[in-house]
2 protein chains.
Amino acid sequence: MSRWEPDARGRMIRAAMDLFAERGFDHTTAVDIAERAGVTERTFFRHFADKREVLFDGSQALEQAASTAILAAPASSGPLDAALAGVIAAGGLLEDRREHAVRRNLLVEANPGLRERELLKLTALVDATAEALRTRGVDDLIAALAAHSAVTVFQLAFTRWVSEERPPALAACIADTAALLRAL
Amino acid sequence: MSRWEPDARGRMIRAAMDLFAERGFDHTTAVDIAERAGVTERTFFRHFADKREVLFDGSQALEQAASTAILAAPASSGPLDAALAGVIAAGGLLEDRREHAVRRNLLVEANPGLRERELLKLTALVDATAEALRTRGVDDLIAALAAHSAVTVFQLAFTRWVSEERPPALAACIADTAALLRAL
DNA sequence: TCCAACATGTCAGTGACTGACATCGAACGT
DNA sequence: ACGTTCGATGTCAGTCACTGACATGTTGGA
């Protein structure tokens with residue numbers, strides 16, 4: 001318990017996922033996670049605001065990817081197209097890690113508290129998307145509507161992507177779902 | 001402390017809203033709420049699953065209203081129209097209690113945890129809406145998309161309704177927002 | 001070599017929430 | 001009137017998430 005192990009954070013995340021899978025989220029204490037990761041409970045809470053956060057480490061990156069993609073979208077794109085480009089870019093970060101996404105999704109779906117936290121993260125993605133649209137000069141309300149729509153598409157496409165046995169690429173799922181939305 | 005006071009639940013809700021307004025959610029303990037309501041902490045947690053729930057008592061009624069309205073919508077209505085009829089009906093429950101809605105909204109917006117819980121309630125509204133649409137024979141994915149869209153409209157319209165000084169009726173706000181959505 | 005920043009450990013404390021058990025008043029049948 | 005049963009509540013002890021304050025050890029320069 002002394003040298004600076006370089007990946008304490010990563011170890012905690014893995015320890016948490018393993019323990020949640022073994023005993024379930026509720027029957028895993030923060031101390032359990034910390035111990036398996038070789039750190040103290042206090043250290044755990046220095047890295048993660050609360051026990052749930054350990055499962056949502058990459059969410060910030062999704063927002064970042066969406067934001068930059070939206071700002072980089074051609075000026076000719078309308079709000080919805082730009083927003084969709086954003087969530088497609090976000091999806092790109094998951095594209096080659098489906099196994100991990102599936103496992104993680106099982107854990108989240110199994111616990112109401114984790115689902116609640118996931119909604120918060122999706123809302124953060126909505127906010128980042130809307131903010132990027134506004135930067136492009138889109139009206140506030142339109143930006144909010146487009147952002148919500150795009151993230152909804154992302155959400156439904158993601159659910160299909162992790163549920164089917166041999167699904168198409170996430171980007172394709174998003175495109176399919178987006179097409180349905182436009183037909184509403 | 002003995003007779004069966006008929007409205008212990010209502011007293012706790014009011015006590016909680018008052019205390020949250022006075023000291024803020026974080027600086028109000030469950031014991032504080034219980035004491036002001038004249039009950040025990042244990043009784044508080046028998047009525048509400050957790051401290052946050054005390055602010056979301058009517059949410060079930062919204063889902064119920066939306067569901068019945070959707071099932072009662074004319075058969076000629078498309079999925080989106082039916083879903084919108086649902087959230088308009090849900091909004092009808094709030095129409096004549098704007099003051100209360102505004103106060104409550106201030107409390108919720110002031111606390112991340114409460115916002116998180118609100119997202120869960122909105123998702124419950126989405127689920128109820130989608131379920132009602134499916135009962136009408138709407139395809140699963142279409143139902144989900146329409147439900148998400150309608151609740152998004154509800155959400156944005158509600159925000160405007162509680163933010164403006166002398167806003168139109170909530171139903172009108174919803175109609176306005178819905179028009180913008182269709183124009184996307 | 002000394003210092004400063006940083007990641008961590010230690011410890012004590014608050015408060016949310018739960019399970020088990022006791023009580024008490026009201027409704028009900030006799 | 002009386003005993004019973006049931007539902008709402010009180011009591012108590014306990015677990016666990018999370019926090020603040022302080023001490024320690026390690027690292028990378030000035």
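Side-chain atoms are counted along with the backbone in the values below, which use heavy atoms only and exclude waters and symmetry mates. None of the values given here were measured: they were computed from a predicted structure. Chain A is the first sequence line, chain B the second, and so forth, proteins listed ahead of strands; every chain is numbered from 1.
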For this session: Any chance you could list the contact pattern along nucleotides 17-22 of chain C? Use B for base contacts, S for sugar-phosphate-only contacts and - for none, protein heavy atoms under 4.0 Å, 5' to 3'.
Result: BBBB--

Exercise. Which parts of residues 12-21 of chain B get close to DNA chain C, meaning a heavy atom less than 4.0 angstrom away?
Worked result: none

Exercise. Expressed in angstrom and rounded to an integer, what is the separation of E53(B) atom CD from dA16(C) atom C1'?
Worked result: 14 Å

Problem set entry | Set of residues satisfying side-chain hydrogen bond (donor to acceptor under 3.5 Å, both in side chains) with respect to R36(B), sequence neighbours excluded | E22(B)

For this session: Report yes or no: is the cationic atom of R104(B) (NZ for Lys, CZ for Arg) under 6.0 Å from the centre of the six-membered ring of F56(B), at an angle within 45° of the ring normal?
Result: yes

Problem set entry | Interatomic distance where CG belongs to N111(B) and C1' belongs to dA16(C) [whole Å] | 14 Å

Exercise. In chain order, what residues pass the side-chain hydrogen bond (donor to acceptor under 3.5 Å, both in side chains) check against D26(A), with sequence neighbours excluded?
Worked result: N111(A)

For this session: Report the residues that fulfil salt bridge (charged side-chain N to carboxylate O under 4.0 Å, His left out) with R160(A), sequence neighbours left out, ordered by chain and then residue number.
Result: E164(A), D176(A)

Exercise. Do any side-chain nitrogens or oxygens of T29(A) fall under 4.0 Å of OP1 or OP2 in dC16(D)?
Worked result: no

Exercise. For T43(B), which residues count as a side chain to side chain contact (heavy atoms under 4.5 Å, CB included) partner, sequence neighbours excluded?
Worked result: M12(B), V39(B), T40(B), R46(B), H47(B)

For this session: Figure out the NE2/C1' separation between H27(B) and dA16(C), and round it to whole Å.
Result: 16 Å

For this session: With heavy atoms under 4.0 Å as the rule, sort V31(A) into base, sugar-phosphate or nothing.
Result: nothing

For this session: Please list, chain by chain and in numerical order, all residues satisfying side chain to side chain contact (heavy atoms under 4.5 Å, CB included) with E116(A), sequence neighbours excluded.
Result: R52(A), R52(B), E116(B), R117(B), L120(B)

For this session: Please identify each residue that fulfils side-chain hydrogen bond (donor to acceptor under 3.5 Å, both in side chains) with E35(B), with sequence neighbours left out.
Result: none

For this session: Please check if W161(A) and V102(A) belong to a single hydrophobic cluster, counting links between Ile, Leu, Val, Met, Phe, Trp and Tyr side chain heavy atoms closer than 4.5 Å.
Result: yes

Seminar exercise, completed: Contacts of T29(A) meeting side-chain hydrogen bond (donor to acceptor under 3.5 Å, both in side chains) (sequence neighbours excluded), chain-then-number -> D32(A)

For this session: Check the distance between dC16(D)'s P and E35(A)'s CD and give it to me in whole angstrom.
Result: 12 Å

Using distance only, find each side-chain donor-acceptor pair of residues 76-84 of chain B under 3.5 Å and give its atom names and separation, not counting sequence neighbours.
{"from": "S77(B)", "atom 1": "OG", "to": "P74(B)", "atom 2": "O", "distance (Å)": "3.2"}
{"from": "D81(B)", "atom 1": "OD1", "to": "R182(B)", "atom 2": "NH1", "distance (Å)": "3.4"}
{"from": "D81(B)", "atom 1": "OD1", "to": "R182(B)", "atom 2": "NH2", "distance (Å)": "2.8"}

Exercise. How would you label the contact of H47(A) with the nucleic acid (heavy atoms, under 4.0 Å): base, sugar-phosphate, or nothing?
Worked result: sugar-phosphate

Problem set entry | Inter-end axis angle, the helix from dT1(C)-dA30(D) to dT30(C)-dA1(D), with every axis fitted to five base pairs (rounded, 10 degrees) | 10°

Exercise. Quick one: which of dG9(C), dG15(C), dT9(D) gets closest to the side chain of T40(A)?
Worked result: dG9(C)

Exercise. Which residues pass the salt bridge (charged side-chain N to carboxylate O under 4.0 Å, His left out) test with K51(B), sequence neighbours left out?
Worked result: none

Exercise. Could you state the CZ-P distance from R11(A) to dA7(C), rounded to the nearest angstrom?
Worked result: 15 Å

